[in-house]
Each structure stands twice: as C-alpha cells, then as structure tokens.
Protein chains: 2
Amino acid sequence: MNPMDSLQTLEPGVDPSCCVPSGTPALSTEEAQRKALVFKALADPNRLRLLSIVRAAETGESCVCDLTEPLDLGQPTVSHHLKILVEAGLLHREKRGTWAYYSIIPGALEDVAAIIFGL
Amino acid sequence: MNPMDSLQTLEPGVDPSCCVPSGTPALSTEEAQRKALVFKALADPNRLRLLSIVRAAETGESCVCDLTEPLDLGQPTVSHHLKILVEAGLLHREKRGTWAYYSIIPGALEDVAAIIFGL
DNA sequence: CTCTTGTATCGATCGCCATCAATCTACACG
DNA sequence: CGTGTAGATTGATGGCGATCGATACAAGAG
C-alpha cells in the first residue's frame, strides 16, 4: 500500500495494455484493480465534497479543522477520508506546526480523466 | 432509481452549483451523492474491464455471452454489473432477438470527465 | 515538564456490495 | 404446443467500507 503510487505509475511507457493481443480483455486484472482504486476514492459523496472544498479554497489548501464542520462528520472520519484521497494520489498532505494542510496534487484530476478516455 | 437519469441530468442549465454562495460547501449533499453514483459504477475492476471490452469491440457493442468468459465471472454477476453501468448512464442496452447488446452511450465518458473538472 | 489543541490510529459496529446457485422470463425453432 | 437457449431476477452469504468513540501521538503555550 505505497502512497503516491496510484496515479503516478498509471501510464508508464512499458504499459502492456497499449497493444493487447487477445485472449485477455483489453484491461488486465491488475490494471483494472489499480485504476479502480482511484474511482473507489471518488465513489464517496463526502470525499467528493472534500475535494470540492479543498479545490475551492483561496489558498488551494485546507486543514482538517476547516473540513470537519461543513461535512457534518466526526474528525476521525474526515481524517480517514483524507487518507484515502492521499493514497489515491489525489491529495497532498503537508504538516506545518500543529496543523495538517491538504491540497489537490497538480495534474491529478487530468490523470483521472486520462484513465477514463484510455479505457 | 430511474435509469437513464444519472448522467443526462447532471449539468442542466439550472444547476445551482454554478454560483454557490457559502455556508454550505461547493458541492451540496444531493449533488455529491448523485455524482458519486457514477464513480461507484466505475469503482469496480470488473466493471472497468466490461467498459473496456465493450469499447474495444469492432461493432461498438457486445452481448452478455461475449462478456462472461473473459471476465471469469458467472452470468448473473455479469448481468448485475451491466445493469449498474446502464443505471449509471454509461451503457446502452438493446435487445435484438434473444440477445442483449450493450454499447457505450456516446458522450458518457466525456460527461464523467466534466464532473471531475467541475468539482 | 504539564496542559491544551489538532490530528492520526485503533477497535467495533453496521450497512452495503460482489458473488453465486437457483429460478424465472423471453424468444427462437421444430 | 414443447424444448432449448440467452438473459434477468431472487435469495443467501461473505467481505469490505463508512462511521463513531476512545485513545495515542505531536507540537505549541504556560
């Protein structure tokens, strides 16, 4: 479960799906599983709202305390959702002092769109 | 649970999210839930493979019997996955004779990408 | 060092979902 | 009509995930 490993390694040059022969479908089992991870992260309403809030923030980043209230969720739950978004390669976590600031990784949303069109 | 109702009504002109005031986050609860439905449909490896196979088909459509084998799943399970994809507004189902043919709804993938960039 | 505050982790619970076996429906063919 | 086949539906089951309360960890304030 290596963080920062989902979107980054999605389309390496050695991707065997570029010219799939036959027998196996266009998408291999492992590829499908890896790509599904990103959509799993997006498949929760509260996580979509988290991304929306973080993205709409003026500074481009938000700390957990700013995210707990508008979602009407407990702090552990919000922290859990943020972790999932980080592991999916969508959010970046930076701890400054007591607070943890989350921001959208540049290009992450474009990468997700690329997955969709690359099906 | 009205089929054909997920992606089609995603961006009507009256979408209240275009100029959200404040207080509530950028994404309302209902909006987030509706948009999450599409990603839920994409959040399963086997469903991603289904989309991939249907999309790669020469005729642009496939029947269930062509999809059961490459996925190594039972026929009821494949039928279930296809239903979810249809209800998400991603696949179109057309029954001709004994067979049911599934094809990707034109513009559906573009609509999903629009959701991502419109967060 | 102690206290407080922000955040992460743990453990448990509950509901949803993926899957299968069995059954049902619809259609084609004699 | 009966038979066979493609597909959908149902019911049951096992596992994963969303949520919470409690707790642990980290860092600044005093």
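Each chain gets a letter, A, B and so on, in the order the sequences are listed, and its residues count up from 1. No hydrogens, no waters, no symmetry mates; every other heavy atom, side chains included, goes into these values.
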Report yes if at least one side-chain N or O of B:Thr98 is closer than 4.0 Å to OP1 or OP2 of D:dA6; otherwise report no. no
Within less than 4.0 Å of OP1 or OP2 of C:dA8, is there a side-chain N or O belonging to A:Tyr102? yes
Mind calculating the distance between NZ (A:Lys95) and C1' (C:dT5) to the nearest angstrom? 11 Å
Indicate if A:Val112 and A:Ile84 have the same hydrophobic cluster label, given that clusters are the connected sets of ILVMFWY residues with side-chain heavy-atom separations under 4.5 angstrom. no
Presence of B:Arg93 side-chain N/O under 4.0 Å of D:dG7 phosphate oxygens OP1/OP2: no
Reading nucleotides 10-19 of chain C from the 5' end, what letters show protein touch, with B for base, S for backbone sugar-phosphate only, - for no heavy atom under 4.0 Å? --------SB
Is a side-chain N or O of B:Arg93 found less than 3.5 angstrom from the main chain of B:Lys83, in a donor-acceptor match? no
So does B:His81 get a backbone contact from the side chain of B:Arg47, meaning a donor-acceptor N/O pair under 3.5 Å? no
Hey, does the side chain of B:Lys40 reach the backbone of A:Ala43 with a donor-acceptor pair shorter than 3.5 angstrom? yes
What nucleic acid atoms does A:Tyr101 come within less than 4.0 Å of, heavy atoms only: base, sugar-phosphate, or nothing? nothing
Rounded off to whole Å, could you give me the CD-to-C1' distance for the A:Glu87 and D:dA18 pair? 15 Å
Is the base of C:dA8 touched by the side chain of A:Gln75 through a donor-acceptor pair closer than 3.5 angstrom? yes
Which atoms form the tightest heavy-atom contact between A:Ala57 and A:Glu61, and what is the distance? CB-O, 3.7 Å
A side-chain contact here means heavy atoms from C-beta on lying under 4.5 Å apart; do B:Leu42 and A:Lys35 qualify? no
Rounded to the nearest 0.5 Å, how far does CH2 of A:Trp99 lie from CG of A:Asp66? 10.5 Å
A:Arg96 has an atom CZ; how far is it from atom P of C:dG6, in whole Å? 16 Å
What's the CH2-P distance between B:Trp99 and D:dT5, to the nearest Å? 12 Å
Rounded to whole angstrom units, what separation is found between the CD atom of A:Glu94 and the P atom of C:dG6? 19 Å
Can you check the A:Leu67 CG to C:dG6 C1' distance for me, whole Å? 13 Å
